[in-house]
Protein chains: 2
Amino acid sequence: MKLPESAEWALHSVTALAQVPSEAVSARRLAEHFGLPAPYLSKQLALLVRAGVLSASTGPRGGFRLARSASSLTLLDVVEAIGGSADPYTCHEIRQQGRGAAPPEECIEPCLLAQKMREAYLAWRESLRAVVISELVGSLSDEVVARTRASLTRTAG
Amino acid sequence: MKLPESAEWALHSVTALAQVPSEAVSARRLAEHFGLPAPYLSKQLALLVRAGVLSASTGPRGGFRLARSASSLTLLDVVEAIGGSADPYTCHEIRQQGRGAAPPEECIEPCLLAQKMREAYLAWRESLRAVVISELVGSLSDEVVARTRASLTRTAG
DNA sequence: GTTACATTACTCGGATAGTCCCTGTCCGAGTGTGCGTGG
DNA sequence: CCACGCACACTCGGACAGGGACTATCCGAGTAATGTAAC
């Protein structure tokens, strides 16, 4: 089980944008801030826009900013936007295949294994949903926030 | 985030073997029972042996059986054996890279994002650890268990 | 009847190709800004 | 001084190759049961 590395980029980008609510930040500037390849980061940010986490604006002084308040965004929103939201376990109903196939009337409700795996997945989701971006940013020291703003703000390029 | 399809095979195989404690079941017979490709299933069963979940015996009347009692095996043991145990989120310390790099003295403890993602992962693990194989098998109807035994037992091939 | 042994058939385990998703890259369409010009 | 229009430079969004993991497959080494033959 593996989450794409871009999930880390998306999470850091969102928390960084939450520290700069005044102006939009371009993908290129974010990439320079984190030392990441700009074009691929753009693709991930586009996914966040499509999911309603970020809003994009084109042209000069354009870029990305939070589409909603940081207090209404959770880690789950970001992970879902990247595509890591699918249940890692998918039941292929192999109990209905092969020599030991179960008759369909026994398979009305999902098999126990799928149920238990899904419960674990839901526990993971709820744990992520409990973390709000604003709380995360609020626990950062002023020094860290100041450095982030200095690196991302257009005037201090 | 995706768990390999072989995880499903491993989980079903372990629960099936837990229903046939009397004799060893070969990979070929398990594959026929579930309608799966036998060679690849063998590879997954070998992983379970290496992890100490199953024990293998060669030669005629050989095959696989549980290495420990079904009451001491959990879903987490099986998933770990397949290789789905790694934390899906890996922190690459991008906070120390790029223009906004944080000085090393600020990075003694892992970043908040990695901590929160790890907490969610641990919640997932604990949810899987709480499911014991023997309980799962015990909740099956006698009819289902009888069919499984009939399909896997050597005498009724 | 018992025992030792060679045969035999069956088992697992590791080494070998094919396919899909993630990573990384590029270029084109669209737009808000800023400046120059005219009134 | 102000309004207007234009050129510009900057932005995002989608289309195009490369690599690694999962899926699928094959064959060889090893072993326990078994039938046989000798004692």
Side-chain angles (χ1 to χ4, degrees), chain A residues 1-10 13 17 23-32 34-51 53-65 67 79 81-86 88-90 92 94 152 154-155 157, chain B residues 1-10 13 17 23-32 34-51 53-65 67 79 81-86 88-90 92 94 152 154-155 157:
Chain A
M1 187 165 61
K2 201 169 70 69
L3 210 53
E5 187 180 348
S6 56
E8 185 181 5
W9 306 358
S13 296
L17 288 175
E23 65 182 61
V25 181
S26 69
R28 181 179 178 180
R29 193 166 288 270
L30 266 173
E32 290 173 353
F34 289 124
L36 298 176
Y40 189 39
L41 178 62
S42 286
K43 181 185 290 290
Q44 309 309 324
L45 296 175
L47 290 175
L48 291 168
V49 171
R50 198 173 303 172
V53 175
L54 300 183
S55 68
S57 56
T58 70
R61 301 188 64 82
F64 297 92
R65 64 180 64 200
V79 173
I82 295 301
S85 140
Y89 181 84
T90 56
H92 293 72
I94 66 176
L152 291 180
R154 201 173 298 267
T155 59
Chain B
M1 186 166 61
K2 203 170 69 68
L3 210 53
E5 187 180 348
S6 57
E8 184 182 5
W9 306 357
S13 295
L17 288 175
E23 65 182 63
V25 180
S26 70
R28 181 178 178 179
R29 192 166 290 268
L30 266 173
E32 290 172 354
F34 289 123
L36 297 176
Y40 188 40
L41 179 62
S42 285
K43 183 183 288 290
Q44 308 309 324
L45 296 175
L47 289 176
L48 290 168
V49 170
R50 199 173 301 173
V53 175
L54 301 182
S55 68
S57 56
T58 71
R61 300 189 65 81
F64 297 91
R65 63 179 66 200
V79 174
I82 295 302
S85 139
Y89 181 84
T90 55
H92 292 73
I94 66 176
L152 291 180
R154 199 172 300 264
T155 59

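Labels below follow one simple rule: chain letters A, B, ... track the order of the sequence lines, proteins then strands, and each chain is numbered from 1.
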### Task
Go through the structure and list residues passing side chain to side chain contact (heavy atoms under 4.5 Å, CB included) with B:Ala51, not counting sequence neighbours.
B:Val53, B:Ala81
### Message
Report for the helix from C:dG1-D:dC39 to C:dG39-D:dC1: angle between first-end and last-end helix axes, five pairs each, rounded to 10 degrees.
### Response
20°
#### Entry: Qualifying residues under side chain to side chain contact (heavy atoms under 4.5 Å, CB included), relative to B:Pro88, sequence neighbours excluded
A:Met1, A:Leu3, B:Met1, B:Tyr121
### Summary
Per-nt protein contacts along nucleotides 10-25 of chain C (heavy atom under 4.0 Å; B base, S backbone sugar-phosphate only, - none) come out as BSSSSB------SBBB
### Query
Excluding sequence neighbours, so at least two apart, what forms side chain to side chain contact (heavy atoms under 4.5 Å, CB included) with A:Ser57?
A:Ala24
### Query
By ring-ring contact (aromatic ring centres under 6.0 Å, His included), which residues pair with A:Tyr89, not counting sequence neighbours?
none
### Task
Go through the structure and list residues passing side chain to side chain contact (heavy atoms under 4.5 Å, CB included) with B:Leu47, not counting sequence neighbours.
B:Gln44
### Query
With A:Arg50, which residues qualify under salt bridge (Lys or Arg N to Asp or Glu O under 4.0 Å), at least two apart?
none
### Message
A:Glu32: which residues meet the salt bridge (Lys or Arg N to Asp or Glu O under 4.0 Å) condition with it, sequence neighbours left out?
### Response
A:Arg28, B:Arg99
